[in-house]
Structures are given as C-alpha cells and as structure tokens.
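Notes follow the structure.
Just so it is clear: chains get the letters A, B, ... in the order the sequence lines come, proteins before strands, and each one is counted from 1.
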There are 2 protein chains.
Amino acid sequence: MRIGELSKATGASIRSLRYYEKKGLLTASRLESGYRVYNPLAVEQVRTIRLYLSLGLNTEQIASFLHCVMKSKEAFCEEVLPVFEKKLSEIDGQIRLLSEIRSNLIDRIASIREEKKEEKAQ
Amino acid sequence: MRIGELSKATGASIRSLRYYEKKGLLTASRLESGYRVYNPLAVEQVRTIRLYLSLGLNTEQIASFLHCVMKSKEAFCEEVLPVFEKKLSEIDGQIRLLSEIRSNLIDRIASIREEKKEEKAQ
DNA sequence: ATAAACCCTGACATCCGTGTGAGGGTCAAA
DNA sequence: TTTGACCCTCACACGGATGTCAGGGTTTAT
C-alpha cells in the first residue's frame, strides 16, 4: 500500500508517517519513482506507535522496544518495563506539581469569592 | 538599581528581566548610556510576576492584571478571577488526562509483572 | 494526451520562557 | 589609563510531534 492509504487506514497524517520513518519506527520499500510502499502489517504497526505516543512516550523510547512488541507480547519484551516505570514516575511528578498549583488556585479563587461576598454585604 | 542588582535580588535571570519588559510586565527608565534603572518596587513586582508564572499563567495573562494587583489586593482586581478559573479548568483537564495515562501504565506494568511471576513459576 | 490525484524532499512555523553567544559600549576602582 | 565587571541589542537554540507551503515528479482514469 502507498502512504495515502496507510494514512487513511490509521488516522495518522502523511506527515506523521514520514516522521515515524525518519525516527526509525516504520520502514517502507520504494518504487522506482521513489514512492513508499508499505507492507499490510504496517497498519497494525502504526496503530501501535500511536498507542504508545498517546501514553506520552517519545519516538526514541518507542523505537527502543517496538520491534519486540510487534513480534511478541508487550510483557515478553525486556525493554518495556523500565520505560513504563520511568514514564509513570514522570507522570506522578507532573500530577503532584499540577495538584499543588490546583490547590493554590482554588485557595485564591475562594479568597476572591469571599471578598466579593463581603463587598456585597456592606 | 540596575539590572544585575535586580536579578540578584529576585533570582530572575537578566535575560528574563529583559523578557518581562518586552512583554510589558516591567518598566525601567534609562541612563544616558542606555542602562536600565529600576525603582526599588521592581523587586516586589518581579517576585509577583514569578509567582504567577509558577502558577502556570503566561506573560499575557499576567500583564492583563499585574498593574492592578501591584496596587490593590488580588481580590479587588476584576481581571483576576476569570484568568484563575480558566487556568484551573485547564489544569483539571491536564490532571484528568495524566490520570488516565497513569492508570493505563499501571495496568500494563502490573500485567508485565504478572507474566514475570508466571515465568518464574514454571 | 490531459487532468486530477497522488507522491517526493526540504524547510519554516508552532508553543514560550529561558540559555547562550557575538559584537560592542560603559562604569568604577586601581 | 587600564582592567574587569557590568550593560546594551540582536539572534539562534531548545523541545518534539505535527501543520503547511514550495517546487516538482508520477500515476491513473478519462
């Protein structure tokens, strides 16, 4: 299949498919014209790439284990666990930070509402 | 005071102080040489700017109410509440998304650990 | 043969506060 | 006066996946 078909089949833009190739996540053979030609399995592969991207992994991390998870189950790929654990701890950190900011904002909003109430009361 | 002193007094880099000025958050008069000269109140102003930056507001949002909060209390500035509320809802959205990803990762990590246990058991 | 649809590479833009470096002027103490 | 510390503006880089445009070649159906 050509790049336009793969794009439609996966929802990834043509731009993105070329980018995944550049990052070593996807390969294609070429026609004499230079057109990329994809194996039908590429559809599943692109879906897998996008799944991991949606988990916040970057292309380098995905590249480190993609060849394995395409052949075997995720659980059988040595590389996967440390990447997931690293990502999880990053996310925990982000959630902690956002939660602090959230509390701070909530306090400030509450104070402002209080002031407004008192203003009216006068 | 000059920019280097203000930088030391506030912890903001000289680069950042110039940037705040460009964004309309900070003003300075100039010596004939072109050197910036700051009012002593600038120290408090820069601290205020950095406080709001740390809450995730951008320079444009801060600019929209900074002149007011430097004169009056936060609660008396009309502009503040809607900005805080907008930011809060963004943060809630971010936390929700991160929490989904977090659950997904935790599930996957647990599955992998399960597999490993079974592997050993054999 | 011609038009429409498809594909190619390369490169700039995005977000946005901050780091950094070039190239050059100013101030203060020795 | 010289030296070192300080200041100025301008401009590129970052992060990282994606959008988009330019300029040009290919395929396919009519």
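- Here the closest non-hydrogen pair linking A:I62 and A:I49 is CD1-O, 3.8 Å.
- Across all strands, A:R2 comes closer than 4.0 Å only to sugar-phosphate atoms, never to a base (heavy-atom distances).
- In this model, a side-chain donor or acceptor of A:Y35 finds a partner on the base of D:dG25 within 3.5 Å.
- Between B:E32 and A:R30, the one whose closest nucleotide on DNA chain C sits nearer the 5' end is A:R30.
- Spacing between atom CD1 of A:I14 and atom P of C:dC8 amounts to 8 Å, rounded to whole angstrom units.
- Atom pair B:M1:CE and D:dC6:C1' shows a separation of 14 Å (rounding to whole Å applied).
- B:R36 comes within 4.0 angstrom of the backbone, heavy atoms only, and of no base.
- Side-chain nitrogen and oxygen atoms of A:S16 include at least one within less than 4.0 Å of the OP1 or OP2 phosphate oxygen of D:dT18.
- Note on A:R96 versus A:E100: no salt bridge recorded, every NZ/NE/NH1/NH2 to OD/OE distance being 4.0 Å or above.
- Looking at B:Y20 and B:R15, their side chains never bring a donor and an acceptor atom within 3.5 Å of each other.
- Residues A:K8 and A:E5 are not paired through a salt bridge, judged by the lack of any N-O separation under 4.0 Å between the basic side chain and the carboxylate.
- Atom OH of A:Y19 is separated from atom C1' of C:dT14 by 14 Å (rounded to the nearest Å).
- B:R15 contributes a side-chain N or O that forms a donor-acceptor pair with the base of C:dT20 under 3.5 Å.
- A straight line from OH of B:Y38 to C1' of D:dC8 spans 12 Å, rounded to a whole angstrom.
- Spacing between atom CG of B:L31 and atom C1' of D:dC8 amounts to 12 Å, rounded to whole angstrom units.
- OP1 or OP2 of C:dT18 lies within a sub-4.0 Å distance of a side-chain N or O belonging to B:Y20.
- Atoms CG (B:N58) and P (C:dT14) sit 16 Å apart, rounded to a whole Å.
- The listed nucleotides are D:dT27, C:dC7, C:dC6; the one nearest the side chain of A:R18 is C:dC7.
- In terms of phosphate contacts, A:S33 brings no side-chain nitrogen or oxygen within less than 4.0 Å of OP1 or OP2 of D:dG25.
- For the OP1/OP2 pair of D:dG16 and a distance below 4.0 Å, the side-chain nitrogens and oxygens of A:T59 include no atom meeting the criterion.
- Each of A:I3 and B:L57 lies near DNA chain C, and the nucleotide nearest A:I3 is the one positioned closer to the 5' end.
- Protein atom CD of A:E5 is 16 Å distant from nucleotide atom P of C:dA5, rounded to whole Å.
- As rounded to whole Å, 12 Å separates atom C1' of C:dC16 from atom NZ of B:K22.
- Counted within 6.0 Å of CD on A:E60, heavy atoms from surrounding residues, nucleotides or ligands total 12 or fewer; the atom is thus considered open.
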